[in-house]
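The structure presented is a predicted model; accordingly, all values stated were derived computationally and were not measured. Because only heavy atoms are used, hydrogens play no part in the values below, and waters and symmetry mates are left out as well, while side chains stay in. Letters A, B, ... are given to chains in the order of the sequence lines, protein chains preceding strands, and every chain is numbered from 1.
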There are 2 protein chains.
Amino acid sequence: MTDLPDFDLDRFTPYRLAVVAQKTSEGLARLYRAKFGISIPEWRVLVHVAHSGNVSVRDIEARVAMEKSKASRAASRLEAAGYITKNASKTDRRLVSISLTAKGQVLMAELLPMAQAYQNDLEARLGADFDALEKGIDRLLDET
Amino acid sequence: MTDLPDFDLDRFTPYRLAVVAQKTSEGLARLYRAKFGISIPEWRVLVHVAHSGNVSVRDIEARVAMEKSKASRAASRLEAAGYITKNASKTDRRLVSISLTAKGQVLMAELLPMAQAYQNDLEARLGADFDALEKGIDRLLDET
DNA sequence: ATATAATCGTTGCATTTGCAACGAAGTCAA
DNA sequence: TTGACTTCGTTGCAAATGCAACGATTATAT
């Protein structure tokens with residue numbers, strides 16, 4: 001019976017972040033999943049397309065922290081659902097140019113305010129602690 | 001062409017938390033995955049068993065924020081690898097009593113210090129921002 | 001005591017995931 | 001131009017995941 005170091009998972013920052021991330025993501029995801037049948041990867045693709053206009057899978061992979069196969073499949077599902085279109089780029093035919101359809105615009109016109117309200121609520125509930133949290137996250141993102 | 005609200009995913013807290021959680025978890029997971037072939041769910045089960053002695057799948061589900069089927073299968077893999085044993089509880093035969101084997105003890109005697117070092121490093125690098133981050137996380141965990 | 005309900009852990013199943021491999025397209029050097 | 005190399009997106013495949021359903025056990029109510 002070796003005696004092990006006393007290690008408490010509840011105080012382990014990577015674990016705590018995982019729990020909190022899951023919790024906050026799920027809160028919003030439940031809403032749009034129930035209402036529109038959108039998954040979290042699909043939501044991320046949509047947001048980036050809505051924000052940046054024409055984007056490629058590569059762009060999504062880089063800017064939205066998602067594996068390219070995951071991004072590719074999320075985009076395929078969104079295309080099948082009629083929310084986006086995928087076209088070969090004119091300038092570089094390796095690239096796929098993804099953009100919102102009219103139906104996708106309507107969807108996002110409803111989704112984005114929901115997300116913004118969720119964010120506002122989060123900020124309001126945390127009050128002063130919110131800025132501290134954000135700063136900590138920034139530090140972690142900047143660190144290697 | 002409806003014009004959509006200007007929403008920046010980079011400033012969306014649930015997304016930011018997801019990225020940071022992924023990043024910090026992966027940092028440590030790479031180490032023990034390469035060295036011992038342990039996955040993140042398996043790691044969580046091991047930590048809880050090491051910390052609390054005999055535990056059931058239900059305990060793990062409740063205390064480690066993991067679905068019971070996920071916990072069950074992680075435990076099965078750990079049993080197959082010889083790190084834990086599963087026995088029917090004497091007092092309630094629905095429960096499974098999970099505990100570390102000698103081999104599991106040896107494993108954790110190496111893993112836990114690695115994790116603690118990782119945590120210490122995180123704290124040292126963030127300095128004063130660490131406490132602020134932790135407080136923010138606590139707030140989010142306490143909120144519904 | 002008996003029937004009903006609740007709890008625990010596992011498993012079947014469809015879906016999602018990560019990774020590597022691939023074809024297609026573009027880049028670069030000689 | 002040719003050939004080697006890189007980049008982009010998709011897909012095959014095995015593994016992991018979430019959910020519901022199940023058998024086994026225990027708790028509760030009548």
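Using a 4.0 Å cutoff on non-hydrogen atoms, the parts of residues 60-67 of chain B near DNA chain D are E67(B), ordered by number. Contacts between residues 24-43 of chain A and DNA chain C, defined by a heavy-atom separation below 4.0 Å, involve P41(A), listed by number.
In this structure, the side chain of Y15(A) does not engage the main chain of D8(A) through any donor-acceptor pair within 3.5 Å.
Scanning for salt bridge (charged side-chain N to carboxylate O under 4.0 Å, His left out) contacts around E123(B) gives an empty result, with sequence neighbours left out. For P5(B), the side-chain contact (heavy atoms from CB on, under 4.5 Å) criterion is met by L112(A), P113(A), not counting sequence neighbours. Listed by chain and residue number, E26(B) satisfy the side-chain contact (heavy atoms from CB on, under 4.5 Å) test with Q22(B) (two or more places apart in sequence, or in another chain). Residues that satisfy the side chain to side chain donor-acceptor pair (under 3.5 Å) test with N120(B), not counting sequence neighbours, are Q116(B).
Scanning all heavy atoms of the two residues, the minimum distance from V45(A) to A74(A) falls at CG2-CB, 4.0 Å. Here the closest heavy-atom approach between residue K23(B) and residue L140(A) is recorded as NZ-O, 3.3 Å. Annotation for T24(B) and P14(A): closest pair OG1-CA, 3.7 Å, computed over non-hydrogen atoms.
Taking only side-chain nitrogens and oxygens, R93(B) never comes nearer than 4.0 Å to OP1 or OP2 of dC8(C).
Listed by first and then second residue, the salt bridge (charged side-chain N to carboxylate O under 4.0 Å, His left out) pairs involving residues 13-22 of chain A are R16(A)-E134(B), R16(A)-D138(B) (not counting sequence neighbours). Within the structure, salt bridge (charged side-chain N to carboxylate O under 4.0 Å, His left out) pairs that include any residue of residues 66-78 of chain A comprise E42(A)-R77(A) (at least two apart or interchain).
Distance L78(B) CG to dG9(C) C1': 16 Å, rounded to the nearest Å. Regarding K70(B), its NZ atom lies at a distance of 18 Å from the P atom of dA15(D), rounded to whole Å.
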Do any side-chain atoms of residues 92-102 of chain A form donor-acceptor pairs under 3.5 angstrom with protein atoms, and if so which ones, sequence neighbours left out?
{"unit_1": "D92(A)", "atom_1": "OD1", "unit_2": "R94(A)", "atom_2": "N", "d": "3.0"}
{"unit_1": "D92(A)", "atom_1": "OD1", "unit_2": "R94(A)", "atom_2": "NE", "d": "3.1"}
{"unit_1": "D92(A)", "atom_1": "OD2", "unit_2": "R94(A)", "atom_2": "NE", "d": "3.4"}
{"unit_1": "D92(A)", "atom_1": "OD2", "unit_2": "R94(A)", "atom_2": "NH2", "d": "2.8"}
{"unit_1": "S97(A)", "atom_1": "OG", "unit_2": "N54(A)", "atom_2": "ND2", "d": "2.7"}
{"unit_1": "S99(A)", "atom_1": "OG", "unit_2": "T85(A)", "atom_2": "OG1", "d": "3.3"}
{"unit_1": "T101(A)", "atom_1": "OG1", "unit_2": "G82(A)", "atom_2": "O", "d": "2.6"}
{"unit_1": "T101(A)", "atom_1": "OG1", "unit_2": "Y83(A)", "atom_2": "O", "d": "3.2"}
{"unit_1": "T101(A)", "atom_1": "OG1", "unit_2": "K103(A)", "atom_2": "N", "d": "3.4"}
{"unit_1": "T101(A)", "atom_1": "OG1", "unit_2": "G104(A)", "atom_2": "N", "d": "3.0"}

Contacts under 3.5 angstrom, residues 58-66 of chain A side chains, donor-acceptor by atom type, not counting sequence neighbours:
{"unit_1": "D59(A)", "atom_1": "OD2", "unit_2": "S56(A)", "atom_2": "N", "d": "2.9"}
{"unit_1": "D59(A)", "atom_1": "OD2", "unit_2": "S56(A)", "atom_2": "OG", "d": "3.1"}
{"unit_1": "R63(A)", "atom_1": "NH2", "unit_2": "D10(B)", "atom_2": "OD2", "d": "3.4"}

When you compare the protein's N or O atoms with those of nucleotides 1-4 of chain C, which come within less than 3.5 Å of each other, and at what distance?
none

**Request:** Treat primed atoms plus P, OP1 and OP2 as sugar-phosphate and everything else as base, then score nucleotides 1-11 of chain D 5' to 3': B for base contact with protein heavy atoms under 4.0 Å, S for sugar-phosphate contact only, - for none.
**Result:** ------BSBBB
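Using the six-membered ring where Trp is involved, Y32(A) and W43(A) have ring planes that are parallel, under 30° apart on the 30 and 60° scheme.
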